Colleague: 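Mind having a look at this structure? Questions to follow.
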There are 2 protein chains.
Amino acid sequence: MELRTPTKTVLYSIEEAIKSYRRFSQKNISRLIPGITVDQVLILIIISDEKELTQMEIADRVFKDYASITRIINLMVINGYLVKEDHKQDRRRSMLQVTSKGKSVIKTLGPVIEHNRRTALAGLGEEEIMQLYTTLKKITANCSPKD
Amino acid sequence: MELRTPTKTVLYSIEEAIKSYRRFSQKNISRLIPGITVDQVLILIIISDEKELTQMEIADRVFKDYASITRIINLMVINGYLVKEDHKQDRRRSMLQVTSKGKSVIKTLGPVIEHNRRTALAGLGEEEIMQLYTTLKKITANCSPKD
DNA sequence: GACTTTTATTTGATATATCAAAAAAGGCAG
DNA sequence: CTGCCTTTTTTGATATATCAAATAAAAGTC
């Protein structure tokens, strides 16, 4: 019987960890504001912090496909968190504006997100977090096309 | 309260790493056998290793929802990798059998999966992998309902 | 044996992931 | 200006994620 060592399963544990974290976060978010997703809240915060981002830049920030961003943002417009206005310099793009409803979501959920992160990382030392970060970046690099 | 840019937190790098790995793996798999997904291959291998698993047990092994497993397995039956037969003792369940087409997929892709894992972890020391594993397990525990 | 509760799976509705292809505007060479 | 190439976004098709609710069979209770 062969022992399943971390070497064989560590990639599973990455999947496990991120899924646990996402489910945990979504639950806490839904408790306060049902009907919005973790992804939507994060994108809302990103747009609110940097007003001039293109959708492609937003996609890169959250490691999502451009097609996904199109659909997520459309939903956020439909749900009243964002409005799309014409972009003067480049008519392929559009200016994304956070609505007052969107701002209120950020205000309400910002602390929840902070709390989720702190809870997820509870008991981890500063050193340990740095090490985690470093190791994960190596894996990302190993798996990235090096064009 | 100050919301640090989410992209800078370590939890993002977990997401980034696992997505890079999944895309990388899928690309290598599709090169050899187009039309099958990473998830399907892993589930195929799991069923092939342990013949008597219920769908719920399979779901737990790959950290997926039961509903997802139902749909993935249905697709795998449609695509001829699996067959469902009646389970004698419990008629709610069904016996999942890997078809010869499924076995051939495992034979072809097994080495690819091994290669993907080795590539993803290239340059990481044994110690470092253990540490990664330990830290991720802490995060998972922190985010898991402790009923 | 009928009733209730659990367990295993499925379905419905909606969100996100991915790839390929299309659409639409911008930029550039000639 | 015209044709060509690039960039940004969208669409189509399909797979997976998630929660809630529905089925259906097994197990426990009386």
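All values reported here derive from a predicted model rather than from experimental measurement. Lettering follows sequence order; numbering is per chain, from 1.
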Colleague: Looking only at heavy atoms, what is the nearest atom pair of B/Asp86 and B/Met95, with distance?
Modeller: O-CG, 3.8 Å

Colleague: Do the side chain of B/Thr99 and the main chain of B/Tyr81 share a donor and acceptor less than 3.5 angstrom apart?
Modeller: yes

Colleague: Can you tell me how far P of C/dT9 sits from CD1 of B/Ile58, to the nearest Å?
Modeller: 8 Å

Colleague: Would you tell me if any nitrogen or oxygen in the side chain of B/Arg23 comes within less than 4.0 Å of OP1 or OP2 on C/dT18?
Modeller: yes

Colleague: If I take atom NZ in residue B/Lys88 and atom C1' in nucleotide D/dA26, what distance separates them, rounded to the nearest angstrom?
Modeller: 17 Å

Colleague: May I ask you to decide if B/Arg23's main-chain N or O and B/Gln26's side chain share a donor-acceptor pair within less than 3.5 Å?
Modeller: no

Colleague: Side chains of A/Gln131 and B/Gln131: is there a donor and an acceptor less than 3.5 Å apart?
Modeller: no

Colleague: Let's see if you can work this out: which of C/dA17, D/dT8, D/dT10 has an atom nearest to the side-chain heavy atoms of A/Gln55?
Modeller: D/dT10

Colleague: At under 4.0 Å, does any side-chain N or O of A/Lys64 touch on OP1 or OP2 of C/dA17?
Modeller: yes

Colleague: CG of B/Asp60 versus P of C/dA8: gap in Å, rounded?
Modeller: 10 Å

Colleague: Between B/Asp86 (CG) and C/dT9 (C1'), how many Å, whole number?
Modeller: 14 Å

Colleague: Name the orientation class of the two ring planes belonging to B/Tyr12 and A/Phe63 (parallel below 30°, tilted from 30 to 60°, perpendicular beyond 60°).
Modeller: tilted

Colleague: In sequence, state the C-alpha distance, the side-chain angles, and the governing distance for B/Thr135 and A/Leu124, and then conclude on side chain to side chain contact (heavy atoms under 4.5 Å, CB included).
Modeller: CA-CA 8 Å; B/Thr135 303; A/Leu124 307 203; 3.5 Å; yes

Colleague: Separation of B/Ile36 atom CD1 from D/dT16 atom C1', in whole Å?
Modeller: 15 Å

Colleague: What is the distance from atom CD of A/Gln40 to atom CG of A/Leu82, rounded to the nearest 0.5 Å?
Modeller: 9.0 Å

Colleague: Roughly how many Å is it from CE in A/Met76 to P in C/dT16, rounded to a whole number?
Modeller: 9 Å

Colleague: Side chain of B/Asp90, heavy atoms from C-beta onward: which of D/dA17, C/dA8, C/dT9 has the nearest atom to it?
Modeller: C/dA8

Colleague: Check the distance between D/dT18's P and A/Lys19's NZ and give it to me in whole angstrom.
Modeller: 6 Å

Colleague: By the 4.0 Å heavy-atom rule, please label B/Ser68 as base, sugar-phosphate, or nothing.
Modeller: base

Colleague: Enter the inter-axis angle for the ends of the helix from C/dG1-D/dC30 to C/dG30-D/dC1 (five pairs per end, rounded to 10°).
Modeller: 0°

Colleague: Taking NE2 from A/His87 and P from C/dG26, how many angstroms apart are they, rounded to a whole number?
Modeller: 11 Å

Colleague: Show each protein N/O and nucleotides 11-15 of chain D N/O combination with a separation under 3.5 Å, one pair to a line.
Modeller:
from: D/dG12; atom 1: N7; to: A/Arg71; atom 2: NH2; distance (Å): 2.5
from: D/dG12; atom 1: O6; to: A/Arg71; atom 2: NH1; distance (Å): 3.1
from: D/dG12; atom 1: O6; to: A/Arg71; atom 2: NH2; distance (Å): 3.4
from: D/dA13; atom 1: N6; to: A/Arg71; atom 2: NH1; distance (Å): 3.3

Colleague: Which distance, rounded to the nearest 0.5 Å, do you find between the OH of A/Tyr21 and the CD of B/Glu15?
Modeller: 9.0 Å

Colleague: If you take atom types as modelled and just measure distance, does the side chain of B/Arg92 reach the base of C/dT7 with a donor-acceptor pair under 3.5 Å?
Modeller: yes

Colleague: Sequence neighbours left out, what pairs pass salt bridge (charged side-chain N to carboxylate O under 4.0 Å, His left out) with at least one residue falling in residues 59-76 of chain B?
Modeller: B/Asp39-B/Lys64, B/Glu50-B/Arg61

Colleague: Heavy atoms only: give me the nearest A/Leu96-A/Lys84 pair and the separation to one decimal.
Modeller: CD2-CG, 3.5 Å

Colleague: Describe the nucleic acid contact of A/Lys84 in one word from base, sugar-phosphate, nothing, applying a heavy-atom distance below 4.0 Å.
Modeller: sugar-phosphate

